[in-house]
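Below you'll find the structure, written out as structure tokens, and then a few comments.
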Amino acid sequence: MFIWLPLGAPLAVLRTAVFILLPFSISVPLLAALGMHSRCISSSASSSLSAAAAAHNLFVCNHRSLVDPLYVSAATGRADLAAATYSISRLSEILAPIRTFRLTRDRATDHAAMQARLSLPGARRGGGGGLVVCPEGTTCREPFLLRFSPLFTELGADVQPVALHSAVSMFHGTTAGGRKLLDPLYLLMNPTPAYVVQLLDPVAVESEGSSSSGPELANEVQRRIAEALGYTCTALTRRDKYLALTGNDGARRRSAPWPPLPSRGVLNG
């Protein structure tokens, strides 16, 4: 591993530059030449990959790493997709080749933000308002799926489930207690990282679904993705993951303020 570092670091920088500066039609084959393997599969027998991607705007996938939305965008040929993110670094947002917007974990605020994205002009024609959502809320590198938040079922748009599988040989591009700024760098430092993107059969969602059907629909999408990947569904949440790995609930809090300075004329001790 340490012998590879002098080669892996510049290779990761080069791959990042290709991701950022070039369109997907050029960057994908170039990245393949640089050792990044990817495979795109459409499970729908009635339509091709491009047709399935153009017919829907809400893509729901499991969360393997921070670059999941980039692979979904590249696999579908949809440069108009935006990624709904939670706690990525500001630098990652700036360097991302697709649009990103932060979710606040406030249900009403996040619902309004995602609904506004799907309501952009051109969204109904398969362009201009696409959205990639990872309902697990955090990455999971093991062959398990965390519980899916049902918030995406309340957007009134049909769901295009996407099953993602990633494989690395040296570095995991996920961290629970470290600096998330370095996650993409570690992933791209691997000699031959691999991704499989599989578009499953779409799931129809009623525009006025009841609250009771939301969790059931989220569980169905989770089940389909797990079945396609051979993963195991769990009821564990993002909070459960962080409590097990770091001993806290994973919420990003502001650091405590400095204590006030003593007033003049007051001596301590």
Side-chain angles (χ1 to χ4, degrees), residues 1-43 49-50 53 59 61-79 81 83 85 88-89 91-93 95-98 100 132 134 136 138-146 161-200 225-232 245:
M1 180 184 296
F2 294 104
I3 297 177
W4 174 253
L5 281 176
L7 296 175
L11 180 60
V13 173
L14 177 59
R15 288 168 170 172
T16 302
V18 171
F19 250 130
I20 296 172
L21 301 176
L22 300 177
F24 289 135
S25 58
I26 300 176
S27 64
V28 171
L30 186 54
L31 288 171
L34 293 174
M36 295 188 67
H37 304 302
S38 59
R39 184 184 179 193
C40 306
I41 305 171
S42 176
S43 298
L49 179 65
S50 58
F59 296 82
C61 59
N62 58 307
H63 204 1
R64 298 289 290 179
S65 73
L66 293 182
V67 299
D68 291 343
L70 301 185
Y71 272 95
V72 174
S73 181
T76 58
R78 294 280 302 274
L81 294 182
T85 65
I88 68 173
S89 68
L91 181 60
S92 297
E93 290 181 328
L95 296 179
I98 63 174
T100 64
V132 182
C134 301
E136 290 175 288
T138 185
T139 56
C140 183
R141 69 177 67 164
E142 304 298 335
F144 298 93
L145 295 186
L146 303 181
V162 183
L164 299 176
H165 174 74
S166 62
V168 296
S169 56
M170 290 187 181
F171 308 100
H172 288 285
T174 58
T175 180
R179 295 185 177 274
K180 292 187 178 296
L181 171 66
L182 301 177
D183 284 357
L185 181 64
Y186 277 115
L187 178 67
L188 298 177
M189 282 176 60
N190 284 281
T192 55
Y195 248 86
V196 178
V197 182
Q198 184 173 357
L199 269 67
L200 308 179
I225 293 177
E227 187 177 76
L229 295 172
Y231 288 5
T232 301
L245 296 180

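- Between the side chain of Q198 and the main chain of A163, no donor-acceptor pair closer than 3.5 Å is present.
- In this structure, V197 and L164 have side chains that are in contact, with non-hydrogen atoms separated by less than 4.5 Å.
- Taking CG of L21 as the start and CD1 of I26 as the end, the distance is 11.0 Å to the nearest 0.5 Å.
- Between V28 and S38, the shortest heavy-atom contact is CG1-OG, 4.5 Å.
- A distance of 12.0 Å separates CG in D183 from NE2 in H172, rounded to the nearest 0.5 Å.
- Here CG of N62 is found 13.5 Å from CZ of F144. Values are rounded to the nearest 0.5 Å.
- Between the OG1 atom in T16 and the CG atom in L95 there is a gap of 8.0 Å [rounded to 0.5 Å].
- For the atom pair CG of L34 and OG of S27, the computed distance is 10.5 Å after rounding to the nearest 0.5 Å.
- Side-chain contact between Y195 and D68: present, with at least one pair of heavy atoms (C-beta onward) separated by less than 4.5 Å.
- Formation of a donor-acceptor pair under 3.5 Å by the R64 side chain with backbone atoms of R141 is found in this model.
- Within the 4.5 Å cutoff, the side chain of H37 has heavy atoms near those of the T192 side chain.
- When all heavy atoms of Y71 and M36 are compared, the pair lying nearest together is OH-CE, 3.0 Å.
- Summarising the geometry, atom CG belonging to L187 is positioned 8.5 Å from atom CZ belonging to R15; distances are rounded to the nearest 0.5 Å.
- Of all heavy-atom pairs between P29 and F24, the closest is CD-O, 4.1 Å.
- Here the side chains of L182 and F171 are not in contact, with every heavy-atom distance at 4.5 Å or above.
- Here the side chains of S92 and P184 are in contact, with some heavy-atom distance below 4.5 Å.
- Closest approach of L11 and W4 over heavy atoms only: CD2-CZ2, 3.9 Å.
- When all heavy atoms of A12 and M189 are compared, the pair lying nearest together is CB-CG, 3.6 Å.
- Looking at residues two or more places apart in sequence or on another chain, you find a side chain to side chain contact (heavy atoms under 4.5 Å, CB included) between L70 and F19, V67, P97, I98.
- Across all non-hydrogen atoms, the minimal contact from S73 to R78 is OG-O, 2.6 Å.
- Partners of E93 under the salt bridge (Lys or Arg N to Asp or Glu O under 4.0 Å) rule, at least two apart in sequence or in another chain, are R90, R102.
- Relative orientation of the H165 and Y231 rings is perpendicular, given thresholds of 30° and 60° on the angle between their planes.
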